[in-house]
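Worth saying up front: this structure is predicted, and the values here are computed from it rather than measured. When reading the values below, keep in mind they use all heavy atoms of this one structure, side chains included, and skip hydrogens, waters and symmetry mates.
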Amino acid sequence: MGILGPTGHGSGLVCWHGQDAISFPSSSLIFTLPQTKPLHKNQICLKNSTTQLKFSTLFLPFHTLLKTMFSARPTSRFTIFTLALLLFISFSLSATASVPHRDDPDEDVDLEGLEELLAIDDSEDDENQKGEAGQEKLSGPEVLRRAQRVVLELSNENAKRIIDGNEYVLLLGYAPWCHRSAEMMPRFAEAAMALKEMGNPLLLAKLDAERHAKAASLLGIKGFPTLLLFVNGSSQPYTGGFTGEEIVIWARKRTGVPIIRLSSVTVVEEFLKKHRMFAVGLFENYEGHDYEEFVKAATADNEIQFVETNNLDVAVVLFPDARPKNNFLGLVKSEPERYETFEDSFEEGKILQFLDYNKFPLVTVLTELNSIRVHSSPIKVQVYIFAEAVDFNKLLPLLQKVARKFKSKILFVYADTADDNLAKPFLTLFGLESEEPIVAAFDNGNGSKYLLESDLTANSLEEFCHGLLHGTLSPYYKSQPIPDTKGIVQAVVGKTFDTLVLNSDKNVLLEVYTPWCINCDAVSKQIEQLAKHFEGLDSVIFARIDASLNEHPKLQINDYPTLLFYPSGDKLNPIKLSKKPSLKELVMFINANVKIEEDRGISTPDQTAKDEL
């Protein structure tokens, strides 16, 4: 027999005997996760709510527990023995008791039942609060456990009725094996708890899209995790952030509460404990053109919490430089450059632009949660610092000093090289690997990339940034090292493309390939055969270039393999050959485009076809 400790969604006990499971729920067990794999024989499995969400398990063999019990000191042995005895008694009593059991875990959950469950939660929370008066705050796992109970689990049977029966439903589609889903779960539960405490009408629900594929298909869930907002049964895409706070902000905006009104310093102090970034508006009267544009911007924005007040004392607590005259708008952030003042006329577009250009820190740390917002920023020129965390912390003051001079013009981003998912894709674009910090830049307006090739100092970085803005820097094109040896087919790299191809006085047949190309090997063999056949012909060069590791502004190819013939007299207009030419066709093409000197012993087209084919 094995024993499964408290489940991640409630307090209860599950015991495994052989291949069968017996569940002993307590009064607070509302939602349970299915156990898809039986535990090994004679094992105890302990889980808490945190490890449950990460889909990780700690196994302790039962015989090891017994061995520990009898090898421990008397006091420890008594404690372990008592624990084992209590678990055994729990199993015995529960196994003989008449426990209600649901044969079908997907049985419908009525809307009335949902309200009853939430009412039970409220009652239980009230009781716990009474009993915890004067004690420490609830632990993280306990808070998370309660938050998870607010999120309703949907199934094939109840999904449509729940979606259609509620005005607002925010749905999380997930898969048990998806680590991003596992990371999203606690944030989603945190948002659910916060919205419930605010009395927001939004219902938060989740659906195991792999287990309930029919409901997932019906609701439009195609990837994991997926967030969708349903308004009276109609779905809308989720466009907010992915922290608990960002989900709450977006949900409130979509359910008719885009602005929080603050009227006292006491309320402000509580607000500041929960919000790290927000836009604050000071209006003498909540009316007029400026205020209307402020409301429009608050509704249109997806990420930032808007607050309003007509009390100057309140505004000064939020934004120390708030002006008493006229209407005022400012952005507050949790970083050294904490306060940004809006200096333009009150128009929705200008307010949103002000927020977009000022919402990022001086140096943004790239994460999976903010990567989409960073890449879609209206600030098109972005400088990236690739370094390990230790080196970055040493460089941060220097980076902030330079970034402050280019605020709202250049976005500075740090990517930790220890995180392959974040840094490696960018470094691959440059063909770089280095243990030292690397500074690179992207101009998303024209698709160019740049590299700081001198030592990183405040002066060199500032000059680099000026060059970016004024267009005086040369774009960076990656290249392999120049090869030391030459073969019958010459290897061209980015650094030798001009010399060997464009500036050469000879005809050049160039094969453009990539290592992952399926058809490239066959074409490469053809080019080698062709080069051997025409060996000794000085007027033509046979060459190849690996497009995955080399770039050149005059070589813009996206389809592999590609064969390009550069005539000696017109290198700017290469001839593109058919994608899958035969060897005979290639020989005939060379003979037709290259002047062959008969005294060198080059065979005629008829002889070529006969000899080679």
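With 3.5 Å as the limit, one finds a donor-acceptor pair spanning the side chains of Thr367 and Asn370. In summary, the side chains of Ser460 and Thr457 do present a donor paired with an acceptor at a separation below 3.5 Å, with no hydrogens or angles considered.
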Note to self: Applying salt bridge (charged side-chain N to carboxylate O under 4.0 Å, His left out) to Glu293 and Lys296, what does each step give before you reach the verdict?
What the structure shows: CA-CA 5 Å; Glu293 294 299 308; Lys296 289 180 183 178; 3.3 Å; yes

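Between Phe442 and the choices Tyr450, Phe412, Tyr476, Phe426, the ring pair (Phe, Tyr, Trp, His ring centres under 6.0 Å) rule is met once, by Phe426. The salt bridge (charged side-chain N to carboxylate O under 4.0 Å, His left out) with Lys405 is formed by just one residue from the set Glu462, Glu337, Glu463; it is Glu462.
Applying the side-chain hydrogen bond (donor to acceptor under 3.5 Å, both in side chains) test to Glu348 and every residue at least two apart in sequence or in another chain returns nothing. For Thr239, the side-chain hydrogen bond (donor to acceptor under 3.5 Å, both in side chains) criterion is met by Trp250, Asn302, not counting sequence neighbours. Shown here are the ring pair (Phe, Tyr, Trp, His ring centres under 6.0 Å) partners of Phe342, two or more places apart in sequence or in another chain: Phe346, Phe354. Contacts of Phe188 classified as ring pair (Phe, Tyr, Trp, His ring centres under 6.0 Å), with partners at least two apart in sequence or in another chain: none. Under the ring pair (Phe, Tyr, Trp, His ring centres under 6.0 Å) criterion, Tyr513 pairs with no residue at all, not counting sequence neighbours. For Thr255, the side-chain hydrogen bond (donor to acceptor under 3.5 Å, both in side chains) test picks out Asn200, with sequence neighbours left out.
The two residues Leu473 and Phe464 come nearest to each other via the heavy atoms CD1-O, 3.4 Å. Annotation for Ala279 and Leu329: closest pair CB-CD1, 4.3 Å, computed over non-hydrogen atoms. Scanning all heavy atoms of the two residues, the minimum distance from Lys333 to Met277 falls at CG-SD, 4.0 Å. The minimum heavy-atom distance linking Asn573 with Pro567 is given by the pair O-CD, 4.2 Å.
For the pair Arg261 and Tyr286, the cation-pi test (distance below 6.0 Å, angle within 45°) is passed.
Using a 4.0 Å cut-off between a side-chain N of Lys or Arg and a carboxylate O of Asp or Glu, Lys273 and Glu270 qualify as a salt bridge.
At least one side-chain heavy atom of Cys520 sits less than 4.5 Å from a side-chain heavy atom of Tyr560.
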